[in-house]
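All values below were derived from every heavy atom in this structure, side-chain atoms included, with hydrogens, water molecules and symmetry-related copies excluded. Numbering starts at 1 and runs along the sequence shown.
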Amino acid sequence: MFNKNVPKYEHSIQIPQPIDNDIQPLLDAIESVGAENVSCIIKEPFSIQTNSVIASKEYYDKVRKICDDNDILFIVDEVATGIGRTGEWFGYQRIGMKPDIIVSGKSLTAGYSMLSATLINEKVYDKVSGSYMNMGFTHSPHMSGVFAAIKTIETIKNNNILDHVYDIEDTIKQTFPDSTTVGCYFSQKLNSNKESGEVSRKMYEQGYICSRSVFGDPAVRFLFPNNMPLNMVDTSMKTLRQIIDDYK
């Protein structure tokens, strides 16, 4: 969607976020090409781009069974949701997903250096342990990124940041109990894209950068830093609440 020079979905099938945990669209997509032709299923634990629609553990248990039955890899994209953003080290842990491969980045170094990581389970490890990746980049591995990741992990552990993220979630829900909130992620449905645009603009006038969703239901969204003080979270939520109420 961001680069028109890349062939679009040449070897992939996209399906919408599951509604009411309906597994049938995934089954239909697999059947359309044959399970033997599917190498993997890739999923974010939840997507803030789509108003943070979150499927249940029961849904992902079905995905896991489909993968096991058909020898399909289950890959979870943790670039946005990993390293404490949800109150757990990875977002998949909040939902009970059971992936084969996890991809991570961004928060891995708290933004201080470029680094990504791929984590694999024993099943995948047994397949690749006797081989190596015959490729590389000029600056990989770059030790500044490795040291930044180590320090980030130590800081999260030593300062109980994971517990603090749960406190952020609780603080948000005090003002927006009906919101979709997981750790630092907050999304509140509104009535129209016009309303979300106006609310976002008025929040900006108050000194807040509040993004809006146009992919799913109209919504305004926040992604707080893991270590944001609770009083700042509370103030921003109350400001947003007032702006939304005034718009109505």
S.K.: To the closest 0.5 Å, what do you measure between CD1 (I66) and CG (L26)?
M.R.: 4.5 Å
S.K.: Between F46 and Y185, does the ring centre distance come in under 6.0 Å?
M.R.: yes
S.K.: About how many Å separate OG1 of T171 and CG of D234, when rounded to the nearest 0.5 Å?
M.R.: 6.5 Å
S.K.: Just checking, is any N or O donor in the side chain of Q17 or K43 under 3.5 Å from an acceptor N or O on the other one?
M.R.: yes
S.K.: With a 3.5 Å distance limit and no angle check, can you tell me whether D22 reaches the backbone of P18 through a side-chain donor-acceptor pair?
M.R.: no
S.K.: Decide whether R212 and S200 meet the rule of one side-chain donor and one side-chain acceptor closer than 3.5 Å.
M.R.: no
S.K.: Has the side chain of H164 got a donor or acceptor atom that lies under 3.5 Å from a matching backbone atom of L230?
M.R.: no
S.K.: What do you reckon, is NZ of K151 surrounded by more than 12 foreign heavy atoms closer than 6.0 Å?
M.R.: no
S.K.: Measure the CZ-CG distance between F186 and L240 for me, rounded to the nearest 0.5 Å.
M.R.: 5.0 Å
S.K.: Please examine the side chains of P45 and M97, heavy atoms only from C-beta on, and report whether any two atoms are closer than 4.5 Å.
M.R.: yes
S.K.: Starting from V128, can I reach L73 by hopping between I/L/V/M/F/W/Y residues whose side chains sit under 4.5 Å apart?
M.R.: yes
S.K.: Do Y60 and I41 share a hydrophobic cluster (ILVMFWY, side-chain heavy atoms under 4.5 Å, transitive)?
M.R.: yes
S.K.: Determine whether K62 and E58 satisfy the following criterion, salt bridge (charged side-chain N to carboxylate O under 4.0 Å, His left out), listing intermediate values before the conclusion.
M.R.: CA-CA 6 Å; K62 294 176 183 177; E58 290 71 26; over 6 Å; no
S.K.: May I ask you to say whether K65 pairs ionically with D61, meaning some side-chain N is under 4.0 Å from a carboxylate O?
M.R.: no
S.K.: Just do the side chain to side chain contact (heavy atoms under 4.5 Å, CB included) check on S104 and I83 with the steps written out, would you?
M.R.: CA-CA 8 Å; S104 181; I83 319 300; 3.9 Å; yes
S.K.: Please test I243 against D246 for side chain to side chain contact (heavy atoms under 4.5 Å, CB included), starting from the C-alpha separation and ending with a verdict.
M.R.: CA-CA 5 Å; I243 288 174; D246 289 346; 5.6 Å; no
S.K.: Looking at Q93 and W89, would you say the former's side chain and the latter's main chain have a donor-acceptor pair under 3.5 Å?
M.R.: yes
S.K.: Are I54 and V182 packed together at the side-chain level, in the sense that at least one heavy-atom pair is separated by less than 4.5 angstrom?
M.R.: yes
S.K.: Measure the shortest side-chain to side-chain distance between I156 and N227 over non-hydrogen atoms and say whether it is less than 4.5 angstrom.
M.R.: no
S.K.: If hydrophobic clusters are built by linking Ile, Leu, Val, Met, Phe, Trp and Tyr wherever their side-chain heavy atoms come under 4.5 Å apart, do Y92 and L119 end up in the same one?
M.R.: yes
S.K.: Please check if the side chain of D100 supplies one atom and the backbone of F74 the other of a donor-acceptor pair under 3.5 Å.
M.R.: yes
S.K.: Return yes when atom CD of E154 has more than 12 non-hydrogen atoms of other residues, nucleotides or ligands closer than 6.0 Å, and no otherwise.
M.R.: yes
S.K.: Side chain of D77, backbone of V79: donor and acceptor closer than 3.5 Å?
M.R.: yes
S.K.: To the nearest 0.5 Å, what is the distance between CD1 on I15 and CG on L27?
M.R.: 9.0 Å
S.K.: According to a 4.5 Å side-chain heavy-atom criterion applied to Ile, Leu, Val, Met, Phe, Trp and Tyr, with indirect links allowed, do Y247 and M203 form part of one hydrophobic cluster?
M.R.: no
S.K.: Could you tell me if Q242 and T239 have a donor-acceptor pair between their side chains, going purely by distance under 3.5 Å?
M.R.: no
S.K.: Mark yes or no for whether R85, through its side chain, and F224, through its backbone, hold a donor-acceptor pair below 3.5 Å.
M.R.: yes
S.K.: Looking at R201 and E198, is any side-chain nitrogen of the basic one under 4.0 Å from a carboxylate oxygen of the acidic one?
M.R.: yes
S.K.: If you apply the rule side chain to side chain contact (heavy atoms under 4.5 Å, CB included), what do you find for Y208 with T235, and how did you get there?
M.R.: CA-CA 11 Å; Y208 299 95; T235 300; 3.4 Å; yes
S.K.: Given side-chain hydrogen bond (donor to acceptor under 3.5 Å, both in side chains), test S211 with R221 step by step and report yes or no.
M.R.: CA-CA 5 Å; S211 66; R221 308 168 302 182; 3.3 Å; yes
S.K.: Any sub-3.5 Å donor-acceptor pair from N121's side-chain atoms to V124's backbone N or O?
M.R.: yes
S.K.: With rounding to the nearest 0.5 Å, note down the distance linking OG in S107 to CG in L115.
M.R.: 12.0 Å
S.K.: Can you check side chain to side chain contact (heavy atoms under 4.5 Å, CB included) on T109 and F147, steps first, answer last?
M.R.: CA-CA 8 Å; T109 65; F147 286 123; over 6 Å; no
S.K.: Does any non-hydrogen side-chain atom of C184 lie less than 4.5 Å from one of N226?
M.R.: yes
S.K.: Answer yes or no: is there a side-chain heavy-atom contact under 4.5 Å between M237 and F176?
M.R.: yes
S.K.: Just by modelled atom types, is the G91 backbone N or O under 3.5 Å from a matching donor or acceptor in the E78 side chain?
M.R.: yes
S.K.: For atom CD of E122, is the number of surrounding heavy atoms from other residues, nucleotides or ligands below 6.0 Å larger than 12?
M.R.: no
S.K.: Counting only heavy atoms not in N37 (residues, nucleotides, ligands), do more than 12 fall under 6.0 Å from its CG?
M.R.: yes
S.K.: For Y166, I'd like to know if atom OH has over 12 heavy atoms of other residues, nucleotides or ligands within 6.0 Å.
M.R.: yes
S.K.: Using a distance-only test with no angle check, is there a side-chain donor-acceptor pair under 3.5 angstrom linking S113 and S144?
M.R.: yes
S.K.: Salt-bridged, K189 to E195, with N to O below 4.0 Å?
M.R.: no
S.K.: Can you confirm whether the side chains of S56 and N21 place a donor and an acceptor under 3.5 Å from each other?
M.R.: yes
S.K.: Do other residues, nucleotides or ligands put more than 12 heavy atoms under 6.0 Å from M228 CE?
M.R.: yes
S.K.: Within this structure, what is the CD1-CD1 distance for the pair I23 and I30, rounded to the nearest 0.5 Å?
M.R.: 8.0 Å
